[in-house]
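The chains referred to below are lettered A, B, ... by the order of the sequence lines, with proteins before strands, and numbering in each begins at 1.
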There are 4 protein chains.
Amino acid sequence: MSDNSIRIGILGASGYTGAETIRLLADHPMAQIAWLTADRNAGKPISALFPHLAHLPLPHLSTYDEADTAGVDSIFCCLPHGLTQETVAGLPEGPKIIDLSADFRMRDPAAYERIYGKPHIAQALQQEAVYGLSEQYRDAIASARLVANPGCYTTTSELPLVPLLKERLISTSNIIIDAKSGVSGAGRSAKEGSLHTEVSEGLHAYGVATHRHAPEIDQCLSDFAADPVTVSFTPHLVPMNRGILATIYVSLEHDVTVDDLQSTLERAYADCPFVDVLPMRSLPATRHVRGSNRCLISVHPDRVEGRAILLSVTDNLVKAASGQAIQNMNIMLGLDETMGLRQVPVFP
Amino acid sequence: MSDNSIRIGILGASGYTGAETIRLLADHPMAQIAWLTADRNAGKPISALFPHLAHLPLPHLSTYDEADTAGVDSIFCCLPHGLTQETVAGLPEGPKIIDLSADFRMRDPAAYERIYGKPHIAQALQQEAVYGLSEQYRDAIASARLVANPGCYTTTSELPLVPLLKERLISTSNIIIDAKSGVSGAGRSAKEGSLHTEVSEGLHAYGVATHRHAPEIDQCLSDFAADPVTVSFTPHLVPMNRGILATIYVSLEHDVTVDDLQSTLERAYADCPFVDVLPMRSLPATRHVRGSNRCLISVHPDRVEGRAILLSVTDNLVKAASGQAIQNMNIMLGLDETMGLRQVPVFP
Amino acid sequence: MSDNSIRIGILGASGYTGAETIRLLADHPMAQIAWLTADRNAGKPISALFPHLAHLPLPHLSTYDEADTAGVDSIFCCLPHGLTQETVAGLPEGPKIIDLSADFRMRDPAAYERIYGKPHIAQALQQEAVYGLSEQYRDAIASARLVANPGCYTTTSELPLVPLLKERLISTSNIIIDAKSGVSGAGRSAKEGSLHTEVSEGLHAYGVATHRHAPEIDQCLSDFAADPVTVSFTPHLVPMNRGILATIYVSLEHDVTVDDLQSTLERAYADCPFVDVLPMRSLPATRHVRGSNRCLISVHPDRVEGRAILLSVTDNLVKAASGQAIQNMNIMLGLDETMGLRQVPVFP
Amino acid sequence: MSDNSIRIGILGASGYTGAETIRLLADHPMAQIAWLTADRNAGKPISALFPHLAHLPLPHLSTYDEADTAGVDSIFCCLPHGLTQETVAGLPEGPKIIDLSADFRMRDPAAYERIYGKPHIAQALQQEAVYGLSEQYRDAIASARLVANPGCYTTTSELPLVPLLKERLISTSNIIIDAKSGVSGAGRSAKEGSLHTEVSEGLHAYGVATHRHAPEIDQCLSDFAADPVTVSFTPHLVPMNRGILATIYVSLEHDVTVDDLQSTLERAYADCPFVDVLPMRSLPATRHVRGSNRCLISVHPDRVEGRAILLSVTDNLVKAASGQAIQNMNIMLGLDETMGLRQVPVFP
């Protein structure tokens, strides 16, 4: 089964999503990593950056220029925002590209410029890119050359909401997403705000009403809703490394019950191996998905009439980043969607 | 100034709120602890339970029966819910009583029974008890014999909301409180769900729409609002020991702006030494109040028109428990409200 | 390859080592779990105790009496100390048994009684049991019916020391093991000392000079040393869930250099897929092995002449518990030693 | 009592030791902070860097040039290593100076150069500086103008060892210090190795046999021992913010018993308000001293004949940094040693 017939390149292997993509691909029976780029660390083994990967048979890190970009079947782009557009624009035609940055997620050039403060420099590709929320855009992903892998908060928030908006079960005008993330979402760059001393034994909100994932969520939800959606969205930094929990407050449409939400979600994800709709009133925890490509969702009646609460958890580095990226690659290459993604959550 | 003229007894000194009350009282220039009860540990020094208090000059733990309840000026009751009613009912007339349990918070016997599953056994006292949210019930507290110290989630949620409801600035029908707490709120009893392995490196919601603090919040807010209030309330368990953050989503009444919220809150707490209304869009963190009796509040405009987001943080063991209890004692005894409560937050 | 031809039973599936054994076996291409016992939780699905395992195709929990102990190829015994002796004594002849408790680790009945305070009740089996430090007792394990899986501190301490004692490179009389463990080593039982509040943001030693793993280490090291060994051993509880680090201080024998230690260890583990001897002066971290069956070892010259420092890290639930147990099963059944144990460490 | 008659300046208020000095001085009845320097943040309020100090009445941050260095009674120097020498050399004659950096700890210019890789540029001051281990150099501190405040590992290690070496109870040739520290010891600078993701849920040793605190410990111990001392010293980074635990392995001199160690330590610290020698076999935890100026010490017999184990804990930012600095200021100014340092440990 392990025929190594799919050659893979990773751009930007020195960050956490790069490392996590490598970790997961080590379990992929058909994948062979052909090259790993990390310009500032070119020439070093991956173990110089990530000792936990030392025992894997991997090529040394190389520069982008050294990478045989045409000689691979698939490229994972784990570069920082902004830098990515130009790089992707320069890639050859053949390989399937999964971009884990935010650069190709917004479809509208004006929206991109408003959010990121400068014009997009690869607008044709921006139009071409398919949004990679695997379970909801599967057909488009299957025929895409370039997939824009969704953000971590966005994946976790969109999965429970899309089916409910599709079926017109909840109001589009009163969706409140209170999201909580572990620290790895901030990446490996050395910032005061990510220090252990500044994060552990405490909690705070940030980017209140201004976070860049909010318009991304709006765009995705609006794809499926009757009307354009604008969500309230507040991210929080939790003293843990991995995991995202979205607590979502919704208003039910007339005559809709929480049982309708439950059954609709169960139906929507019945055939999706990575999304589990738990029995009503369940309490999913991020630790139940740690290290795995799973998303757990539950529905709760609110104590306020006509409202409901949705809970959704993922591992922000797996289902909400590198795992979904590999899932998308599998879809793009016509493979079994779960290939390489059967890791059991690590608890405790 | 250290005249030790106020004699104090603590019922239930073996839990975290008992220990925290002792820690804070060690800084109180007029307080002298006369007795500490802990029935199962009677006869032991406090250091047998809490080595961090070993160096303080404290009486040994005693049984309730041994405690000279009539010979003190003030009694802090740190006993578990349920047990407290009977104990408080048996206390003599003289001392001021501050009850840190939930037993006397709900004023309505029917509501109490509905929430706690059995009738209240000291209903006269239940009516007499004053709700101890210091800044909002100060006058009533000043003349009370029995104060029901508010819960931790409730203190943190009520402080930002009361002034806005008083002034009719926000809708009573769409208040959503997404609250996050450290683990010490669950007390020191050995429960699987409070183990380090079950709490650290993860996050989950619990008591969704069913937590007992929700009706307590309703009762307090309704005291000040135009109409009865029913809040949406979701608590979460965060892998930290101390701290509560409430993220509160509110709808503005017609013609009200977020600036109105800001100025109203600033005015409301201008003379309150422990409540700081931060500049608009500030990001208070629980670590900024750790170990102190402070509450930090900030106002944020939401990205959805007509809505705003309030952030409020406390140390759940101090302002939201033992610190507020001492603040209430100071008010009841006519002392400076800040006496013994000037601890600077401990960070990092 | 996934032929499910090896039928497996797990006794005591409600604890962390039980759950971890299940997690790892899910990756084993030949293993099929036939039954899982948990007497107090019989009848429930494993997800009732461990939601992170919910998606695996597993039998419901059963009582011991319901388990078809004769119908399996291998039994993992994850029961508490003391209880295990009687249970193992009652097992049928056929299946290979790997006991993860301490009950069969000490070979000498008198030593067992001294340490555990009561006589061993299955002394014949105690003699028969083979100590399961895979890399050092591989031949005996291969032909054993009953393997006593080593303790977590012991595995981590013995792997670096055994080759050095075998080759007479270090003194037997001055071995100091300062060991640090995560909290999962204390199991899932609800104990005050394992609460998040009592563990996080702090550190302490425990069982100083009295821990039960010390005589186990003595016994193993003495198997390979010129003289009986008595180690100094101090365990510490670190606020993390997984991982053990042993910092070991040794005195070099006459004319021995740290380079000799390095080369001896490299040679000893050259063919061992799970033990990596890092370049001299490396700094292994427990996070580099988290979730994996790996042990990392490094050698450091001390600043004191004639002394050296060894560092050794494992995941206490994998290489130092369930992983090594599966490794031993593989050896006992003549399978590839790494089968089911290729999990890449999860970092961060 | 709060007469504010002691004017204080703090050089380098933007780091953790600066902030901690401010926190503690807020409780000092005679201290008034006259200025705080932080060159890159001059003009800002301290709350811009440390929101937890926002409510204190403090001057804004200034540049060094703006600080009235001659107009204060005492100066705390919280600048980085290296930079400090020149700054201290430029200070006027009057004020008492407590330097929290490592610059004046080593007395021997050659040793300094060997350790820090460049010559000391203020060697006269280096000779003049008194080592500030308060309990052991109290008389010299009382008459000093410049005190070199000890390092965090060193304070914690030296306090239990000095009395035993003074009394010739332990061998000078076999002292092994295995020390574990929280992350705040690494300061607030943004380094990859101090990120939450790189520290939490894991453990590692660093600076094995090469850490700069080892020669500092040697120097101090040699001051009191019969012979020059060279210790084995291994620091470890523990996923917590505050706290140091030193586990120290010693060999008893002929005819010495662990009871001798115990009684000698008890006698040595009988009159020291901040050092508690616990009953033999006690298990001090860093959480028992968190936020306080306390050091807890215990003695354990080893299981190896003729050896003993010492445990010592401090809060690395208080007794092992800012607290001891204030204690030294009190001694230098002839005040009660405990003034401003009566904070009760914060637990949990």
| Residue pair D:H204, C:H288: steps toward the side-chain contact (heavy atoms from CB on, under 4.5 Å) verdict | CA-CA 10 Å; D:H204 64 277; C:H288 300 157; over 6 Å; no
| message | Would C:T234 and D:D178 count as a side-chain contact (heavy atoms from CB on, under 4.5 Å) here? Give the steps. | response | CA-CA 10 Å; C:T234 310; D:D178 190 282; over 6 Å; no
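What you find for C:R290 and D:G202 is that their closest heavy atoms are NH1-N, 4.5 Å.
Interface remark: C:D218 contributes side-chain atoms only to the contact with chain D (heavy atom separation under 4.5 Å). Contact annotation for D:V231: both backbone and side-chain heavy atoms come within less than 4.5 Å of a heavy atom of chain C. With a 4.5 angstrom heavy-atom cutoff, C:L203 touches chain D via backbone and side-chain atoms both. Within the 4.5 angstrom heavy-atom criterion, no atom of C:V289 approaches chain D.
C:H236 NE2 to D:K180 NZ: the interatomic distance, rounded to the nearest 0.5 Å, is 3.0 Å. Put simply, CG on C:L237 and CG on D:L283 are 11.0 Å apart, with the number rounded to the nearest 0.5 Å.
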Expected list for residues 205-215 of chain C: side-chain donor-acceptor pairs under 3.5 angstrom, two or more places apart:
unit_1 : atom_1 : unit_2 : atom_2 : d
C:Y206 : OH     : C:Y153 : OH     : 2.7
C:T210 : OG1    : C:G207 : O      : 3.4
C:H211 : ND1    : C:H213 : N      : 3.0

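Under a cut-off of 6.0 angstrom, the local environment of CZ in C:R281 is sparse, with at most 12 non-hydrogen atoms contributed by other residues, nucleotides or ligands.
For residues 239-248 of chain D, heavy-atom neighbours of chain C at less than 4.5 Å comprise D:P239, D:M240, D:N241, D:R242, D:L245, D:T247, sorted by residue number. At a heavy-atom cut-off of under 4.5 Å, chain C is reached by D:T197, D:E198, D:V199, D:S200 from residues 190-200 of chain D, listed in order of number. Annotation: residues 300-312 of chain C contacts chain D through C:H300, C:P301, C:D302, C:R303, C:V304, C:R307, C:I309, C:L311 [non-hydrogen atoms, separation under 4.5 Å].
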